[in-house]
Amino acid sequence: MLENIIVHYKDILYALAEIAASSLELIGILIIIIGSCRALIRLFKCLVKKLPFHVVIDLGKALSLALEFKMGAEIIKTVIIHNLEELAILGVVIIIRALLAFIIHWEVHTEEKERRLNESTAQEK
């Protein structure tokens with residue numbers, strides 16, 4: 001009796017983990033698509049109006065947010081790992097995504113700093 005409950009509990013847990021991980025992956029993908037489209041539209045508008053544009057900042061923020069959702073999905077996937085090989089692969093994926101998030105954050109921060117510097121220089125003139 002207790003064994004049946006445990007087996008069903010594990011099945012439910014695995015199913016919920018799969019649904020949650022897939023949902024977070026989908027949200028991450030949607031954020032990338034929407035963020036990319038928004039950045040592209042803003043780029044075209046700025047080109048037409050001959051205004052300065054900061055696509056790196058807009059796109060970087062969207063990519064950073066998407067990576068956070070995708071890393072959340074990877075963390076949830078740790079629940080359904082069956083062997084050490086899967087754990088190693090998952091660990092590498094998490095490390096790569098964390099590195100990407102760090103690089104994107106650094107690039108956005110640098111770009112924002114440069115934009116503020118340019119704006120303050122332009123205001124002084």
Could you state the interatomic distance from [atom1] ([X]) to [atom2] ([Y]), rounded to the nearest 0.5 Å?
| X | Y | atom1 | atom2 | result |
| --- | --- | --- | --- | --- |
| I75 | M71 | CD1 | CE | 6.0 Å |
| I96 | E74 | CD1 | CD | 10.5 Å |
| S64 | L100 | OG | CG | 10.5 Å |
| S36 | I33 | OG | CD1 | 8.0 Å |
| L40 | K45 | CG | NZ | 11.5 Å |
| L90 | T78 | CG | OG1 | 6.5 Å |

Show me the donor-acceptor pairs, under 3.5 Å and distance only, between side chains in residues 18-32 and residues at least two apart or in other chains.
residue: S22; atom: OG; partner: E18; partner atom: O; Å: 2.9
residue: S23; atom: OG; partner: I19; partner atom: O; Å: 2.8
residue: E25; atom: OE1; partner: K70; partner atom: NZ; Å: 2.3
residue: E25; atom: OE2; partner: K77; partner atom: NZ; Å: 3.4

Same cluster (ILVMFWY, side-chain, under 4.5 Å), [X] and [Y]:
| X | Y | result |
| --- | --- | --- |
| L65 | I104 | no |
| L43 | V56 | no |
| I80 | I94 | no |
| V55 | L47 | yes |
| F69 | L67 | no |

Is it the case that more than 12 heavy atoms not belonging to L51 sit under 6.0 Å from its CG atom?
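Count over threshold, so yes.
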Does CZ in R115 sit with more than 12 non-hydrogen atoms of other residues, nucleotides or ligands closer than 6.0 Å?
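Counting other residues, nucleotides and ligands, CZ of R115 exceeds 12 neighbours.
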Using the ring pair (Phe, Tyr, Trp, His ring centres under 6.0 Å) rule, collect all pairs that involve residues 86-119, keeping only residues at least two apart or in two chains.
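Passing the test, one end in residues 86-119: no pairs.
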May I have all residue pairs that pass ring pair (Phe, Tyr, Trp, His ring centres under 6.0 Å) and include part of residues 7-43, sequence neighbours excluded?
Y14-H82
Check side-chain hydrogen bond (donor to acceptor under 3.5 Å, both in side chains) between E111 and all other residues, then give those that pass, not counting sequence neighbours.
none
Please enumerate all residues that pass side-chain hydrogen bond (donor to acceptor under 3.5 Å, both in side chains) together with R42, with sequence neighbours excluded.
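With neighbours one apart ignored, the set is D58.
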Does some side-chain heavy atom of N83 sit less than 4.5 Å from a side-chain heavy atom of L87?
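No, side chains not in contact.
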Are E112 and K61 side-chain neighbours, meaning at least one heavy-atom pair lies under 4.5 Å?
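E112 reaches K61 side chain to side chain.
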Looking at every non-hydrogen atom in both residues, tell me the closest pair between G60 and V108 and how far apart they are.
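It is CA-CG2, 3.6 Å.
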Smallest heavy-atom separation, I76 atom then A17 atom, equals CG2-O, 3.4 Å
Taking ILVMFWY side chains as joined if any heavy atoms are under 4.5 angstrom apart, and letting links pass through other members, which residues group with L16?
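For the cluster that includes L16, the remaining residues are I12.
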